[in-house]
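Notes to accompany the following structure.
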Amino acid sequence: MARNKEALLLLLDVGPSMHPALSEIEKVCSMLVHKKLIYSKYDEVGIVLFGTEDTNNELTTEVGGYQHVVVLKNIKVVDGDIVEALQQLPRGTTDGDFLDAVIVGMDVLVKKFGVTNKGKKRVCLITNAQCQIKESDEGTKEEQVTTIAKQMTAHGIKMESIIMRGKLSQDANKGIMDENDRLLNIFSKETSTRLLYVENPISLFGALRTRNIALVTVFRGHLEISPKLSIKVMVYKKTTEEKFPSMKKYSDKAPPNDKFAKHEVKIDYEHKSSKDPDKVVPPDQRIKGYPYGPQIVPISSAEWEAVKFKPEKGVKLMGFTDSSNVFRHHYMKDVYVFLPEPGNTRAMIAVSAVARAMKEMNKVAIVRCVWRQGQANVVIGVLTPNLSDKENIPDSFYLNVLPFAEDVREFQFPSFTNFPASWQPNGQQLEAAANLIKTLDLAPHGQEEVLLPDFTPNPVLEKKSRRLLGGKRSFSNDEEVKGNITAQPANLTGNASVNVGKIGDLTPVQYFEALISRRDSPDWVVKAINEMKNKIFDLVEDSHEGDNYPKALECLVALRKGCILEQEPEQFNDFLKHLWNFCQEKNLPSFCEYLASKELTLISKTEAIDSENTDDKARKGFLVKSEPKVD
């Protein structure tokens, strides 16, 4: 598994007490998988249900027990089947035992990956934790949970628990809920993972993360308090802007039957002399020029290197100030977190001492940061103490970047008192403006903060007006097409966001690729394949002296490629055999001869694992060739 790819196993409680929330869970989990199809299409996802009427898991067969736990979908690369399964969750009839589900889920991940891919295996438990856990045969429930948590840590499995309460917990047994909360807290403490309580669907959607971001240190070194005192720290980014997947240039110039084509666009630049346009200037004879008035001043890379500012790597304390002197609206860019070096007790004590003293005195620290040696952009920031309330998490600092003088924009507005009385706002208008401002306050005095970051989905990524994600280019507003597309069909290639409803006649390959790439329903794949089959039949049957054969072959190649990508090899293999028989029945041997000349083969097991044909059988087992004529 690659560095940024993960395996996610969803443990979903479908017992009777969860029925009121299952429709929302279906929406949220299917949207999660939809986002993975866009952002992380090589991630793997599995589904385990508990509280079901049936039982279907390997542990029940091997050792017994673990009743009413069903492995609905084993771990596999995300696809439409998983989305469809999540949209139609069964309603269970038995109280769910989340501990049994956790053990079954861990067994699924261990059997799939073993001890490899540590940190890339994630279990997400969604339950209301209202049902009683069975007594353990060996030791107490707490001891059993501790043992399971240690095994998960040893195998590099991270677990996050999302507990749905609110209306679901009104009639629940308080004693059972408290016991379950205590057990889940043990999981959270032993595995250093999240335990979240949500009360509404929006919070559930925000709590369910699409993917985990791997932590990468921005800085490793000393926080220099004075020339004689420094603390070893590690700096990470705490927050960063979430961006859309980047769009890439796509080339359709590759041969249509080249299954190994990458469709990449590579750009090469040539510099030519203005005096001799046919002469290419090599890199060692080129130099950058900068306009200065009417002249161009050449400055070599060596000259730039000589005058470049090269500060020393390090983080130095410049001083302390009252927290009231630093304004929240001056914070810039991302937030960083300063942690003491792991395993360094002296560093932990030093950071804790400084942080707690700053908190007690209501102070913040101003620091100068150079993350890498020779980094030109020096950062000035404010360190705010972050005191931990957990034994296994040390105290730390948050760093927010502060603006330099040229970054601050102070806009002056005239006072209303300078305007005529007729322009002055009346009391009703002032009250309306004050009420508007109050409604925008996410943390009103004496009330709970709303739209907490941990429970709020990123609105930028959930807009209905979707941009083309992971595709080749985006449509502007006047280019967006709905329904059957009749204009600019060449731009449809790979565009899953355009609502193509059927395969057109002008450029069927482009329509097919756009239709099969739609991810709003798994039915589009089957629809695209069937429509392309019918299109090929029409082209062959309506051909006059073979004029449609090249287009039919192009459609066949596109269908073959699409069936490989969607792991539907037998759809193509069966169709190719059927097409052969069709041509024989319709007395169209010339098309069979045409296919034989192009060496089109069945899809082999190497190309798609579900194929029943080996490489040799795919090449030789179905030779598309015409029968010899008999005189």
Side-chain angles (χ1 to χ4, degrees), residues 37-38 41-42 244-272 277-278 280 467-476 478-481 484-498 500 502-519 524-525 528-529 531-533 535-536 539-540 543 546-569 572 576 591 594-604 606-608 618-619 624:
L37 284 168
I38 296 172
K41 62 181 179 180
Y42 298 112
F244 284 95
S246 59
M247 294 184 288
K248 299 178 180 178
K249 291 183 173 65
Y250 179 91
S251 172
D252 59 356
K253 299 300 182 183
N257 57 350
D258 184 359
K259 60 185 179 183
F260 300 107
K262 296 182 178 179
H263 301 283
E264 294 179 348
V265 177
K266 295 183 178 180
I267 302 176
D268 292 324
Y269 293 94
E270 286 186 343
H271 295 75
K272 296 187 177 182
D278 296 328
V280 177
R467 284 168 23 176
L468 176 57
L469 303 180
K472 284 74 195 174
R473 66 179 290 264
S474 61
F475 285 84
S476 60
D478 57 344
E479 290 178 311
E480 188 167 343
V481 188
N484 295 338
I485 295 183
T486 57
Q488 297 181 334
N491 289 335
L492 297 177
T493 305
N495 188 353
S497 66
V498 177
V500 181
K502 61 180 293 185
I503 294 178
D505 296 324
L506 184 60
T507 53
V509 170
Q510 283 79 8
Y511 284 103
F512 169 75
E513 291 176 349
L515 189 61
I516 202 171
S517 63
R518 287 187 63 168
R519 289 293 181 260
W524 288 114
V525 173
I529 291 174
E531 286 203 14
M532 184 55 102
K533 289 177 182 178
K535 181 62 62 180
I536 293 170
L539 288 170
V540 174
S543 179
D547 59 342
N548 285 342
Y549 288 177
K551 195 170 188 177
L553 175 64
E554 186 181 356
C555 292
L556 261 177
V557 171
L559 177 63
R560 187 179 192 277
K561 182 178 178 180
C563 289
I564 292 174
L565 292 174
E566 297 297 336
Q567 291 296 301
E568 296 284 352
F572 176 83
L576 190 57
F591 182 69
Y594 182 76
L595 289 184
S597 67
K598 303 302 180 181
E599 299 182 353
L600 193 71
T601 66
L602 301 174
I603 297 175
S604 68
T606 302
E607 297 169 296
R619 287 193 303 269
V624 182

- All pairs passing salt bridge (charged side-chain N to carboxylate O under 4.0 Å, His left out) where residues 546-565 contributes a residue, at least two apart: Arg560-Glu607
- Query: CZ of Phe572 to CD1 of Ile564: how many Å apart, nearest 0.5 Å?
  - Reply: 8.0 Å
- Nearest heavy-atom contact between Ala552 and Phe591 is CB-CE1, 4.0 Å
- Message: Less than 4.5 Å apart, side chain to side chain, heavy atoms only: is that true for Pro508 and Lys535?
- Response: yes
- Query: Short question: side chain of Ser251, backbone of Lys253 - any donor-acceptor pair under 3.5 Å?
  - Reply: yes
- side-chain contact (heavy atoms from CB on, under 4.5 Å), paired with Ile529, selected from Glu531, Met532, Lys533: Lys533
- Would you indicate whether the side-chain heavy atoms of Cys555 and Leu559 approach each other to under 4.5 Å? no
- What's the shortest heavy-atom distance between Tyr549 and Val540, and which atoms? CE2-O, 4.5 Å
- Nearest heavy-atom approach of Leu576 to Leu600 is CD1-CD2, 4.1 Å
